[in-house]
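In this chain, residues are counted from 1 in sequence order.
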Amino acid sequence: MTTTEARGRLLLLAGVAGCGSGLLRTGTLMELPVVVEVLAPGLAGAAVGRPARGAPMGGCDLERSDDTFHLFRVLDRLREVFADRVVVHLLEPFSLPWIVRVVRFRPRRYPAFIVGGHELIAGLDERTLFRAVDARLGAISGAGHTA
């Protein structure tokens, strides 16, 4: 077995042969990053680009553009604060993985964030999202990061 779970941590054991993923270094333990999945049905459609603040997106109303801008701003801030310890997956709206997450977690507001595959954060509450990611990182490493 190449993985072990210790105090809520998923760690790769050092020195295991046949690991070509780059997550394993000889003689070290390396932790996996926290995965944050984003469910945002407002991004449905082909190739939604990053909007400029207040600029309508290809015939879309201004309110949707502001919400999309705020979503991308939250994701940028998430990357700034947690760097490579967090991986963000933007799930394609109405795809099979998206539908599975919606059925499993039943978000009441969108966008919704699923932190570490266990905790649902509904809406664009940046502070709650950062606390959930920080708590998940704390559970993994034993000590959280203060944002």
Check against side chain to side chain contact (heavy atoms under 4.5 Å, CB included), F113 and D125
CA-CA 10 Å; F113 303 88; D125 186 3; over 6 Å; no

Evaluation steps, side chain to side chain contact (heavy atoms under 4.5 Å, CB included), between R77 and F130:
CA-CA 9 Å; R77 178 111 167 86; F130 282 26; 3.3 Å; yes

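- Minimum interatomic distance between A40 and P93 (heavy atoms only, all atoms of both residues): O-CG, 3.4 Å.
- Considering only heavy atoms from C-beta on, V34 comes within 4.5 Å of V115 through its side chain.
- In this structure the side chain of V133 reaches within 4.5 angstrom of the side chain of V36, judged on heavy atoms.
- Contact between F94 and P41 at its shortest, heavy atoms only, is CZ-CB, 4.2 Å.
- Atom CG of L96 sits about 9.0 Å away from atom CZ of R101, to the nearest 0.5 Å.
- Heavy-atom minimum distance, L120 versus P107: CD2-CA, 3.7 Å.
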Could you walk me through whether E119 and R136 pass the salt bridge (Lys or Arg N to Asp or Glu O under 4.0 Å) test, one step at a time?
CA-CA 9 Å; E119 185 175 357; R136 193 55 140 169; over 6 Å; no

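- Residues P33 and V87 form a side-chain contact, since some pair of their non-hydrogen atoms from C-beta on lies under 4.5 Å apart.
- Using a 4.5 Å heavy-atom cutoff, the side chains of L124 and Y110 are not in contact.
- Between L90 atom CG and E37 atom CD the span is 10.5 Å, to the nearest 0.5 Å.
- Of all the heavy atoms in R109 and A112, the pair that sits closest is O-CB, 3.8 Å.
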Walk me through whether R131 and R127 qualify under side chain to side chain contact (heavy atoms under 4.5 Å, CB included).
CA-CA 6 Å; R131 273 194 225 129; R127 183 172 291 163; 2.8 Å; yes

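- Checked options V74, L78, L75, L91; the residue passing with V38 is L75 (criterion: side chain to side chain contact (heavy atoms under 4.5 Å, CB included)).
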